[in-house]
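For reference, the structure discussed in these notes is given below.
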There are 2 protein chains.
Amino acid sequence: MLQHAEVSSSLRPFAKSDIRLDKRPAAAPSAILSGMPMTYPRGSEIYGEGEPFGHIYQVVSGVVRIAKLLPDGRRQITGFYLPGDIFGLEAGDVRHFSAEAVVQTKVVGFRWQSLNATGTHSISFFQELLNVAIKDLRHTQAQLLVVGRKSALERVAAFLLEMSERSASPDLVELSMPRHDIADYLGLTLETVSRMFAELKELKAIALEGARRVRLLDRDCLAGVSTN
Amino acid sequence: MLQHAEVSSSLRPFAKSDIRLDKRPAAAPSAILSGMPMTYPRGSEIYGEGEPFGHIYQVVSGVVRIAKLLPDGRRQITGFYLPGDIFGLEAGDVRHFSAEAVVQTKVVGFRWQSLNATGTHSISFFQELLNVAIKDLRHTQAQLLVVGRKSALERVAAFLLEMSERSASPDLVELSMPRHDIADYLGLTLETVSRMFAELKELKAIALEGARRVRLLDRDCLAGVSTN
DNA sequence: CGGGATATTGACTCTTATCAATGCCCGTGG
DNA sequence: CCACGGGCATTGATAAGAGTCAATATCCCG
């Protein structure tokens, strides 16, 4: 196996050797892409803002976050991508956002150039890709409503419901991301996120089984709090 | 002419007769769509959340806002669409957001069903549509950063720079939307928007020539305030 | 040009950010 | 197996920014 000896601690910068090109192609959870899988360690960058645009990706396992930074370090995460999700579409030739692995993550990447070459793919392929982009757009617009118009408690409740809907076990949600990432997704601070978790606990809407494992006790309460 | 006798005041609901189906097809500013133009009076709905998805549109003249409401009336505007812009793409068969004319607005609409019929259009048509969706996605992601992470003053400065870039006369920007719409686009209240305009005036970054006409005096100052 | 919508400004409140201290988990090594 | 250590999370006290309510002022829309 190409497995390297040591995975870095989360503070050391990642070397190229940390990113593993897997030997065998693996079937992706959903069918529209196949390609050479790559494995990224927790916290590593898949691509960065300003880099040339070359590939689009599908998550095989793990979680990816798409984010943008302001010069002073403030960060907004625009979305989390789970197994089966496609990310990395660009309209121009340069990346406008960065993509990072939240935990150790396997993705399959595909050269845009070859996908885009006329003759290689049918109209239905581009219709499918158009659908992916439109759904992503819809999600980002919905998130804009959450961030622009909801209170801190409503945002956290909405986040938990979103993660629950996308989870294999809707009543016991594994949050693979730290509080800081949740905060940067919701436009809050990590302290406020923590306080809102505590408040939802008092409302008996959730129970925490360790910081990253949330049991949803009262989905109706959560939905009411979230103001859908 | 099909012009109806009276256009409503902004509080009365719009009748179907308020929406004018123009007699002659008009060339759209950009080339990928052509169709029957429709004219909507100021404040009227082009489509509403929950309605079936039938058409996509291109703005010919005027301004369109895309918005979503919470049950209690809070509203988030996700974007303003100017002449040449395409809006109204959906992934499913139902509208997730509403579209309204900010001022009297002319659009051309196209049946999605016929656009989407195989054989009617080439791959490059769908590639072009994919580009439209991706650019819209990028814009919404950027707006999420503005709303999630910037201060009120930064948001208003960013808004003015955005409108300036999209304006025919970049130094004298015509804002066709009221303060309330700007607030709902930026995730603020109209009072705060008004105060931030006043603050930018004190900084000599802008001058107001009536509430809807903004002269940009110091673009560098605006860009500095906006923290790009 | 007239009047109702729209915008500005002010006083005060409240939510959330900030700064700071403590606690807890989990992985690591003895 | 347990103790240790370090990132991560929680909790508390205070401050700051934006919201709310309210009273004019101004502007455009017809």
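Below, chains carry the letters A, B, ... as their sequence lines are ordered, and counting in each starts from 1. Just so it is clear, the structure is predicted and the values come from calculations on it, not from any experiment.
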Heavy-atom closest pair, residues A:Y185 and A:Q143 = O-NE2, 3.2 Å
query = Roughly how far, to the nearest 0.5 Å, is the CD atom of A:E49 from the NZ atom of A:K68?
reply = 4.5 Å
task = Using atom CE of A:M177 as one end and atom P of D:dA9 as the other, report the distance to the nearest whole Å.
result = 11 Å
key: Candidate pair B:L186 and B:I77, rule side chain to side chain contact (heavy atoms under 4.5 Å, CB included), full reasoning   = CA-CA 8 Å; B:L186 298 176; B:I77 291 175; over 6 Å; no
task = Could you please name the option among D:dA9, C:dT16, C:dT6 that lies closest to any side-chain atom of A:A152?
result = C:dT16
message = Side chains of A:L145 and B:T78, heavy atoms from C-beta outward: is any pair under 4.5 Å?
response = no
task = Report the distance from atom CG of A:L190 to atom P of D:dG7, rounded to the nearest whole Å.
result = 15 Å
ask   = Which class fits the ring pair A:Y57 and A:Y47: parallel under 30°, tilted 30 to 60°, perpendicular over 60°?
value = parallel
query = How close or far is atom C1' of C:dA17 from atom CG of A:D184, stated in whole angstroms?
reply = 14 Å
message = Rounding to an integer number of Å, can you tell me how far B:K201 NZ sits from D:dT26 P?
response = 11 Å
task = Measure across B:V225 and B:L153 and return the closest heavy-atom pair with its distance rounded to 0.1 Å.
result = CG1-CG, 3.7 Å
task = Tell me which of B:A198 and A:M196 sits closer to the 5' end of DNA chain C, going by the nucleotide each one is nearest to.
result = B:A198
message = So, applying salt bridge (Lys or Arg N to Asp or Glu O under 4.0 Å) with B:D85, which one of B:K135, B:R65, B:R166 is it?
response = B:R166
Residues 195-207 of chain A, side-chain donor-acceptor partners within the protein, below 3.5 Å, at least two apart:
none

key: Separation of atom NZ in B:K150 from atom P in C:dA17, rounded to whole Å   = 18 Å
key: Exercise: do B:S164 and B:S167 side chains pair donor with acceptor under 3.5 Å   = no
task = Quickly work out the B:R155 CZ to D:dG19 C1' distance and round it to whole Å.
result = 12 Å
ask   = Rounded to whole angstroms, how far apart are CD on A:E199 and C1' on C:dT15?
value = 11 Å
Distances for protein N or O near nucleotides 18-20 of chain C N or O, under 3.5 Å:
| residue | atom | partner | partner atom | Å |
| --- | --- | --- | --- | --- |
| C:dT18 | O4 | A:R195 | NH2 | 2.8 |
| C:dC19 | N4 | A:E191 | OE2 | 3.1 |

ask   = Among residues 203-213 of chain A, which contact DNA chain D at a heavy-atom distance under 4.0 Å?
value = A:L208, A:A211, A:R212
query = B:E202 has an atom CD; how far is it from atom C1' of C:dT9, in whole Å?
reply = 12 Å
query = Given C:dA7, D:dA9, C:dA17, which nucleotide is nearest the side-chain atoms of A:L188?
reply = C:dA17
